[in-house]
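Okay, so here's the structure we're looking at.
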Amino acid sequence: MSKITAAITAVGGYVPDFVLSNKVLETMVDTNDEWITTRTGIKERRILKEEGKGTSFLAIKAAEDLINKTGLDPKEIDLVIVATATPDMKAASTAAYTATQIGAVNAFSFDLEAACSSFLYGMSTVSAYIESGRYKKILLIGADKNSSFINYKDRATCIIFGDGAGAVLFEPNNEGLGLQDELMRSNGEGREFLQATYGGSSYPITEDTFQEGKHYVFQDGKTVFKNAVFNMADVAERILKRNNLTNDDISWLAAHQANKRIIDATANRINLEEKKVMMNIQKYGNTTSATLPLLLHDYESQLKKGDNIIFAAFGGGFTWGSIYFKWAYNS
Ligand SMILES: CC(C)(COP(=O)(O)OP(=O)(O)OC[C@H]1O[C@@H](n2cnc3c(N)ncnc32)[C@H](O)[C@@H]1OP(=O)(O)O)[C@@H](O)C(=O)NCCC(=O)NCCS
């Protein structure tokens with residue numbers, strides 16, 4: 001019997017309608033379109049404005065897009081994972097709410113948090129479940145409402161982040177398509193450089209910390225940048241080497257969209273031409289857990305059965321990794 005691999009068989013996506021452009025940001029903080037474009041590659045990002053709507057709203061929309069496109073019966077879904085760094089609430093699972101709302105009544109569900117690497121870690125988790133033969137249809141959703149913890153007076157963060165969601169369906173494959181290899185890493189010494197310090201279990205929010213805005217996300221951009229460039233390029237290069245792949249064997253690089261310069265550095269390290277590098281950072285900014293599935297959503301029509309894709313991500317924690325993947329269908 002041939003080995004079961006974990007393939008992606010459908011993709012959906014959603015971004016909110018409200019567009020926050022660099023021009024509008026110029027009126028909010030001391031920045032300008034030219035600086036943001038040349039330093040990050042971002043032109044605009046989407047923001048979920050409706051009151052009372054959280055990450056699950058984005059996740060549900062992305063999942064519904066997938067379900068409507070494919071005619072998938074949600075009752076057949078075995079497991080729903082919501083990869084997110086911005087869950088709706090503390091204690092209550094965002095994935096459980098999402099699964100119920102989309103009609104996945106026979107599924108169990110949980111949230112998975114690894115900052116900007118959440119979706120990549122989710123791919124690893126889902127693939128292990130599928131390869132074991134335990135479950136057959138798993139919906140992995142990457143969704144983040146980053147605007148919920150961004151300080152729109154802090155130009156080091158507010159220019160980068162946006163809101164969005166992408167959903168992918170994983171199913172068993174016996175043609176050898178899907179996840180081929182992975183290299184996942186983390187290093188907790190990095191957490192001081194990118195975090196929302198207050199509001200978790202270490203430091204609950206007090207009146208003073210709230211006034212000082214300490215519940216917002218903070219980053220030491222330069223240090224995060226250096227670590228992202230080094231580590232993402234490193235794992236991408238290593239996964240190519242250990243699978244005896246050259247740049248000619250690679251159809252696409254799907255890298256976390258945090259800064260175009262970080263993506264370019266990773267592509268350069270593995271000698272990949274620009275046309276093979278998926279890019280949508282200009283439209284959405286950094287949507288954290290949603291960047292990888294939104295790339296698949298935006299590029300789905302160009303992907304062909306058998307295409308070799310190198311996924312790479314880096315995020316807070318620090319967390320990072322790379323996955324070598326074979327695409328399973330023509331759309
Ligand atoms: C945040 C980030 C875009 C800043 O870019 P940078 O090139 O590192 O910029 P620096 O912080 O070195 O600042 C360079 C200059 O631009 C200025 N500057 C910083 N932010 C600015 C902004 N938004 N608009 C205009 N000028 C800005 C600085 O004050 C500095 O000016 P100076 O040279 O006169 O002192 C970049 O560090 C980055 O992308 N980091 C990683 C982000 C990331 O990946 N985060 C999520 C992890 S998944």
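All ligand and atom numbering here is 1-based and tracks the order in the structure. Because the structure is predicted, anything quoted here is derived from the model rather than measured. No hydrogens, no waters, no symmetry mates; every other heavy atom, side chains included, goes into these values.
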Under 4.0 Å from a heavy atom of [X]: give me the atoms of ligand 1 that qualify, with their elements.
{"X": "Thr40", "value": "3 (C)"}
{"X": "Ile159", "value": "23 (N)"}
{"X": "Ile160", "value": "1 (C)"}
{"X": "Cys116", "value": "48 (S)"}
{"X": "Asn286", "value": "46 (C), 48 (S)"}
{"X": "Leu194", "value": "47 (C)"}
{"X": "Asp30", "value": "24 (N), 25 (C)"}
{"X": "His256", "value": "48 (S)"}

When you compare the side chains of Asn146 and Asp163, does any donor N or O come within less than 3.5 Å of an acceptor on the partner? no

Would you check if there is a donor-acceptor pair between the side chains of Asp249 and Asn308 at a distance under 3.5 Å? no

What is the minimum heavy-atom distance between Pro172 and Lys136, and which atoms define it? CD-O, 3.1 Å

Evaluate side-chain hydrogen bond (donor to acceptor under 3.5 Å, both in side chains) for Glu182 paired with Ser124, printing each intermediate quantity in order. CA-CA 7 Å; Glu182 64 176 49; Ser124 163; 3.0 Å; yes

Which of these, [options], has its nearest heavy atom closest to [atom]?
{"atom": "atom 17 (C) of ligand 1", "options": "Lys222, Arg39, Lys260, Arg155", "result": "Arg155"}
{"atom": "atom 5 (O) of ligand 1", "options": "Phe318, Phe314, Trp35", "result": "Trp35"}
{"atom": "atom 47 (C) of ligand 1", "options": "Ile262, Val224, Val229, Leu25", "result": "Val224"}

My question is simple, although I want it checked carefully: is [atom] less than 4.0 angstrom from any protein heavy atom?
{"atom": "atom 40 (N) of ligand 1", "result": "yes"}
{"atom": "atom 2 (C) of ligand 1", "result": "no"}
{"atom": "atom 33 (O) of ligand 1", "result": "no"}

Taking distance alone, with N or O pairs closer than 3.5 Å, would you say Gly316 contacts ligand 1? no

Mind checking whether Asn259 has an N or O less than 3.5 Å away from an N or O of ligand 1? yes

Which one of Asp88, Thr94, Thr98 satisfies the side chain to side chain donor-acceptor pair (under 3.5 Å) criterion with Ser56? Asp88

Quick check on Thr288 - does any of its heavy atoms sit under 4.0 Å from an atom of ligand 1? no

Starting from [atom], which protein heavy atom do you reach first, and at what distance in Å?
{"atom": "atom 6 (P) of ligand 1", "answer": "Arg261 NH2, 4.0 Å"}
{"atom": "atom 44 (O) of ligand 1", "answer": "Ala258 CB, 3.3 Å"}
{"atom": "atom 24 (N) of ligand 1", "answer": "Thr31 OG1, 2.6 Å"}
{"atom": "atom 45 (N) of ligand 1", "answer": "Gln219 OE1, 3.0 Å"}

Less than 6.0 angstrom separating the ring centers of Phe149 and His215, yes or no? no

Validation row, ring centre Tyr135 to ring centre Phe108 under 6.0 Å: yes

Stepwise ring-ring contact (aromatic ring centres under 6.0 Å, His included) check, Phe318 with Trp320: CA-CA 7 Å; Phe318 293 136; Trp320 71 97; 7.3 Å; no

So, are Lys69 and Glu300 salt-bridged, with charged N and O less than 4.0 Å apart? yes

Note: Asp298-Lys283 ion pair, threshold 4.0 Å (strictly below): yes

Passes salt bridge (Lys or Arg N to Asp or Glu O under 4.0 Å), Lys61 versus Asp65? Steps please. CA-CA 6 Å; Lys61 289 278 193 191; Asp65 181 47; over 6 Å; no

Test item: Asp144 side-chain N/O and Ala165 main-chain N/O as donor-acceptor pair under 3.5 Å: no

Qualifying residue for side-chain contact (heavy atoms from CB on, under 4.5 Å) with Tyr284, from Lys43, Arg46, Gln257, Arg45: Arg46

Under 4.0 Å, heavy-atom basis, I'd like to know which part of Ile36 is in contact with ligand 1: side chain, backbone, both or neither. neither

